[in-house]
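What follows is one structure encoded as structure tokens, with my remarks underneath.
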Amino acid sequence: MEKEKKSPVSDVGAWGMNIVSSVGIIMANKQLMSPHGFAFGFATTLTGFHFSVTALVGLVSNATGYSASKHVPLWELVWFSLVANASITGMNLSLMLNSVGFYQISKLSMIPVVCMMEWIIHGKHFSREVKMAVAVVVVGVGICTVTDVKVNAKGFLCACVAILCTSLQQISIGSLQKKYSIGSFELLSKTAPIQALSLLVLGPFVDYFLTGKLISEYKLSSGAFFFILLSCSLAVFCNISQYLCIGRFSAVSFQVLGHMKTVCVLTLGWLLFDSALTFKNLLGMALAVLGMIVYSWAVEAEKQPKILPSTRDNLSEEDLKPLKEGIAESPLKDTELGESKV
């Protein structure tokens, strides 16, 4: 896979854009879909709007020559799009049905799920340090789940579907990029139109099944229209920066980036939406984030090449002295003339 050009400034820009757009879209969607906000409960259709605008940006990018188009089989794009749609739809529904705190904490459990799926699909093994870090994360998430009284059965189910599909999507992103030597943004440009079309067609039916309401019956106010436009605009930056960060940073670095978003989202959820933050919530979040940091360090340590000590370092000066004398006293032979040089 071709590596994208990197510089410290562009790395920081991609990082910052992902943090701002991700936190912003969560806050905007919560205000848009919350019953205390504009009660726009059509999360699946909203996701279709997001990818329609993203697909338009990708189309313009390809037309202007900013990005190059590479061949990827249609069936793989469709499969990836289905998984991605289930992931994003599940996340939107989880955000709508659960508190902001539980929504973000549930995302933290994706790393242990990714570990398990990597082991099942690719047979990847992890060190003891990684397993211990994952255990700390599971304990932290468990504490937050038990103490968050705003969790309900439907929201918990949506969160589980979102976690599984998101984990599979992350694995698929890396697999497709390596298999077809395609960049992150090029992959997004190819999958966004398929995702947009499928979500716009099926979205209203899914939303009706979940909410019992038709989007055609929704009374669109100027405030709701503004937040829809804001959500779509932030989604473009969020999608682009997410794929851009995956291409620029390692998976470990991208997870560390997620910890910063977690802190921001939980803090803003407490400030703007009166989400409960008890001592147990804070303890669970601290354990989860600590486990993620240790996990990131452990995985990074696994990637470092193990340097074996050289034989020279194991020998003392007294051991090397006979070898040096032997080399100095032995005649050098000219292999071409077969004569000794003294």
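Between F51 atom CZ and L56 atom CG the span is 14.5 Å, to the nearest 0.5 Å. Summarising the geometry, atom CG belonging to L229 is positioned 6.5 Å from atom OG belonging to S233; distances are rounded to the nearest 0.5 Å. Of the inter-residue distances, the one linking S22 atom OG with M27 atom CE reads 11.0 Å to the nearest 0.5 angstrom. Taken from CG in L164 to CE in M117, the straight-line distance is 6.5 Å, to the nearest 0.5 Å. One distance of note links CD1 of I228 with CZ of F40; it measures 4.0 Å at 0.5 Å rounding. For the atom pair CD (E217) and OH (Y208), the distance works out to 8.0 Å, reported to the nearest 0.5 Å.
A distance-only check finds no donor-acceptor pair linking the side chain of S87 to the backbone of V83 [under 3.5 Å].
Using modelled atom types and a 3.5 Å distance limit, the side chains of S198 and N85 yield a donor-acceptor pair.
Looking only at side-chain heavy atoms (C-beta outward), F237 and N18 stay at 4.5 Å or farther from each other. No side-chain heavy atom of H71 sits less than 4.5 Å from a side-chain heavy atom of I182. Between S221 and F226 the shortest side-chain heavy-atom distance does not fall below 4.5 Å. Between T191 and V72, the closest side-chain pair of non-hydrogen atoms is not below 4.5 Å.
Note: F38 and F227 have tilted aromatic rings, judged against thresholds of 30 and 60 degrees for the angle between ring planes.
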Criterion side-chain contact (heavy atoms from CB on, under 4.5 Å) on V236 and C232, from CA distance to verdict: CA-CA 6 Å; V236 173; C232 290; 5.9 Å; no
- [ ] I would like to know whether I215 and D207 meet side-chain contact (heavy atoms from CB on, under 4.5 Å); could you show each step before the answer?
- [x] CA-CA 8 Å; I215 190 172; D207 291 332; 5.8 Å; no
#### Entry: Trace of the side-chain contact (heavy atoms from CB on, under 4.5 Å) decision for T44 with L202
CA-CA 8 Å; T44 312; L202 300 177; over 6 Å; no
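Residues S241 and S21 come closest through the heavy atom pair OG-OG, 3.7 Å. Considering all non-hydrogen atoms of both residues, S189 and N62 come closest at CB-ND2, 4.0 Å. Contact between A84 and Q169 at its shortest, heavy atoms only, is CB-NE2, 3.5 Å. What you find for I25 and S231 is that their closest heavy atoms are CD1-O, 3.7 Å. Nearest heavy-atom pair across T45 and G203 is OG1-C, 3.4 Å. The heavy-atom pair separating A162 from G90 by the smallest distance is CB-C, 3.6 Å.
With sequence neighbours excluded, the residues satisfying side-chain hydrogen bond (donor to acceptor under 3.5 Å, both in side chains) with S61 are S67. Remark: K179 engages E76 in a side-chain hydrogen bond (donor to acceptor under 3.5 Å, both in side chains) (not counting sequence neighbours). S216 meets the side-chain contact (heavy atoms from CB on, under 4.5 Å) test with L214; sequence neighbours excluded.
Hydrophobic cluster membership differs between L82 and V161, with clusters built from Ile, Leu, Val, Met, Phe, Trp and Tyr side chains linked at under 4.5 angstrom. A continuous path of hydrophobic side-chain contacts links L187 to V57 [ILVMFWY only; heavy atoms under 4.5 Å]. Cluster annotation: L230 and L32 are assigned to the same hydrophobic cluster (Ile/Leu/Val/Met/Phe/Trp/Tyr, side-chain heavy-atom contacts under 4.5 Å, transitive). In the hydrophobic clustering of this structure, L197 does not group with F42; members are Ile, Leu, Val, Met, Phe, Trp, Tyr whose side-chain heavy atoms approach within less than 4.5 Å, directly or through other members. No path of Ile, Leu, Val, Met, Phe, Trp and Tyr side chains, each step under 4.5 Å between heavy atoms, connects I194 with W75, placing them in separate hydrophobic clusters.
More than 12 heavy atoms of other shown residues, nucleotides or ligands fall within 6.0 angstrom of atom OH in Y218.
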